[in-house]
Amino acid sequence: MSNSHLQIPFEAELTLTRLQPRLDQLWVETGADPDCISEFQQRLQEYWLRLFAHLFELYGTRYDFFFHLEKILLAAARSWVERPEDLKKSDQHRIYQDDWFRSEQMVGGALYVDLFSENLGKLRETISYFKDLGLSYLHLMPLFAVRPGDNDGGYAISNYRSVDPRLGTIDDLKLLASDLREAGISLVLDFVFNHTSDDHFWAQKAQAGEREYQQFYYIFPDRTVPNQYERTLREIFPTVRRGNFTWHDGMQQWVWTTFNSYQWDLNYSNPAVFRAMMEEMLFLANTGVDILRLDAVAFIWKQMGTSCENLPQAHTVIRAYNAIARIAAPGMLFKSEAIVHPDDVVRYIDTKECQISYNPTLMALLWESLATREVKLLTQSLSHRQILPPGTIWTNYLRCHDDIGWTFDDEDAAAVGINGFDHRQFLNHFYTGQFPGSFARGVPFQHNPETGDMRISGTLASLAGLEQAIDEGDEELKELAIRRIILLHGIILSIGGIPLFYLGEEWGMLNDYDFVKDPAKAGDTRWIHRPKMRWDYLNELEASSVPEEGSIRKRIFTSVQRLIALRKKYDSIAGLAMELIPLRNPHVLGFLRTHSGGRLMVLGNFTEHPQSVSGNILRTAGLGRFFQDQITGREYQTSEDIELEPYQVVWLIRV
Ligand code: GLC
Ligand code: GLC
């Protein structure tokens with residue numbers, strides 16, 4: 001251990017002693033009450049060393065380190081003073097009930113405010129819809145002020161402190177947050193901190209030639225440095241523009257733009273950027289966010305000669321933000337959006353970093369299993385990747401607003417005799433409907449002709465075969481597609497983690513090919529799976545007779561709703577403990593969930609043929625002879641083998 005490492009606790013304490021008078025002054029200035037002060041000071045004691053160590057690691061060699069440190073501490077304190085009382089109450093509650101988000105009661109939904117209900121005011125009127133469906137977590141896609149024209153579905157933010165006027169105001173957002181809290185629904189918003197829009201105030205200053213703000217971004221006078229970086233970089237949006245840099249005519253300079261050309265990557269090696277974004281984060285926290293979705297975490301730190309993805313300092317930045325959240329908004333959790341290799345995904349997941357993470361590998365491998373009708377890669381991956389550190393959890397999803405990328409591990413694939421590269425080609429063929437016999441109607445996203453790389457867009461239902469079946473008017477195919485949809489939901493609702501629905505999914509929404517009519521959307525096929533909510537479908541639920549497609553939607557909706565309600569009945573579904581059952585049938589996934597004495601055995605048939613599963617194996621795994629499927633109510637005895645219908649999923653409880 002180096003000397004400097006040993007000195008950190010000492011330096012941290014000394015620094016805090018030096019800063020305390022400034023803090024005391026702030027308490028006086030703001031007229032903070034004694035409870036407010038003592039709660040803050042107590043948490044500062046607990047988390048200061050952590051925060052200091054992370055910031056020292058990132059910025060300790062900068063001459064302006066102490067300046068920024070002081071500002072960071074004061075901003076955190078001020079934000080705590082301003083934090084609304086109801087949020088402080090919820091903070092208290094969550095400090096003592098720190099497992100709340102790992103419960104079987106958690107079920108998530110995600111939506112675009114404009115596409116779902118036009119604006120925030122109208123969204124408040126649809127809270128009963130979320131409750132009827134059984135949601136307890138709601139992710140609103142970015143709703144902040146954006147640049148005119150194309151804005152990457154809200155991910156090109158021009159002002160983090162104002163809501164897109166088409167959607168409402170900050171006050172509307174606060175009202176909604178508080179109504180959701182009352183309804184027992186946690187609010188999830190994005191923290192888009194990797195980049196700003198090119199018309200954000202900082203970017204405008206940079207364009208006006210202000211050096212202080214040019215240092216907020218990565219800006220280069222010519223191609224020399226960009227070319228050096230480019231040697232080791234991936235291309236994320238190759239159909240938007242080749243490479244990772246965009247020429248800016250006004251400045252006559254190159255700007256780092258990992259995603260769209262109007263999304264400028266922020267330079268976190270500059271402590272001013274860390275601090276500025278921290279203030280935006282605390283502002284968001286105080287609007288009533290329960291879970292902050294950290295967007296594009298993989299890309300936030302750059303270093304020459306590396307892929308500039310998942311670098312150690314990216315973790316340090318997030319950990320520093322986490323420590324600040326613990327101090328100034330202790331009830332708020334982080335969720336990481338790292339759609340990268342599974343080994344890298346898991347590195348963001350820690351109570352000290354992101355307590356929650358997307359589970360992109362499970363998502364991709366469920367689709368993989370549907371295509372191949374085999375679960376070997378899925379089980380190989382689950383066997384060592386599903387369990388996470390204590391106090392953390394996955395969100396399990398089938399579709400989201402983004403594309404599907406085949407982010408499984410090539411070694412997992414090799415272990416079960418699959419060549420990763422070839423398999424990705426196959427999956428892309430399959431899900432774009434080109435593979436003979438494919439049921440899927442996906443479309444390519446970001447095809448890179450040089451590497452052959454491609455991702456897939458499409459709604460859950462269209463990818464699962466419903467669109468094709470309806471087009472062909474084939475009853476059998478319709479039945480199979482519906483069963484695939486229910487199978488996938490039956491798995492993500494029970495396997496461990498927060499199931500997350502991209503709303504529309506609960507109706508079996510099909511691809512929306514009209515997105516090409518909007519010039520701001522035409523170039524991005526992800527809009528195909530972001531259809532507008534059809535409120536008229538709700539009427540079909542009540543109606544005694546509906547057209548055929550309506551009855552399909554009704555069946556999907558009521559099945560999903562029932563599965564959600566069922567999930568909430570079993571505390572064995574809480575947490576992550578999950579054991580795979582070695583079924584010796586390559587087409588059937590089987591796992592056991594146990595929690596506080598409860599047991600739930602889940603089986604899923606990934607083929608269009610009936611499959612049988614050994615009664616003996618189930619008896620041993622489930623510790624019983626008689627079981628009841630909670631979905632159909634049917635009883636099974638393990639003295640015989642169990643027959644599963646095509647694509648059937650069962651949730652077995654011992655009786
Ligand atoms: C995230 C979002 C995606 C967006 C990208 C750039 O990955 O999920 O929609 O394009 O970040 O902000
Ligand atoms: C890439 C990125 C991911 C982003 C996606 C958008 O997969 O890794 O962060 O959401 O592109 O398409």
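Whatever order the structure lists ligands and atoms in, that order sets their numbers, starting from 1.
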Less than 3.5 Å apart, any donor N or O on the side chain of Arg223 or Asn227 sitting next to an acceptor on the other?
yes
With no hydrogens and no angle check, is any side-chain donor or acceptor of Thr306 less than 3.5 Å from a backbone partner on Cys308?
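Judged by distance alone, yes, a pair lies under 3.5 Å.
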Per-atom contacts of ligand 1 with [X], taking only distances under 4.0 Å to non-hydrogen atoms:
{"X": "His195", "result": "6 (C), 12 (O)"}
{"X": "Arg526", "result": "3 (C), 4 (C), 9 (O), 10 (O)"}
{"X": "Glu337", "result": "1 (C), 7 (O), 8 (O)"}
{"X": "Asp402", "result": "2 (C), 3 (C), 7 (O), 8 (O), 9 (O)"}
{"X": "Phe237", "result": "10 (O)"}

Phe408 six-ring centre to Arg424 NZ/CZ under 6.0 Å and within 45° of normal
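Yes, a cation-pi geometry holds between Arg424 and Phe408.
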Restricting to ring-ring contact (aromatic ring centres under 6.0 Å, His included), what partner residues turn up for His200, sequence neighbours left out?
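Listed in chain order: Tyr160, Trp202.
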Parallel, tilted or perpendicular, as decided by the 30° and 60° cut-offs, for the rings of Tyr321 and Phe191
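Aromatic pair Phe191/Tyr321 classed perpendicular.
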Parallel under 30°, tilted from 30 to 60°, perpendicular over 60°: which one fits the rings of Tyr502 and Tyr112?
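The rings of Tyr502 and Tyr112 stand perpendicular, inter-plane angle above 60°.
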Under 4.0 angstrom from ligand 1, any heavy atom of Met141?
no
Between ligand 1 and Asp152, can you find any atom pair, the residue atom being a heavy atom, that is separated by under 4.0 Å?
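A heavy atom of Asp152 does come that close to ligand 1.
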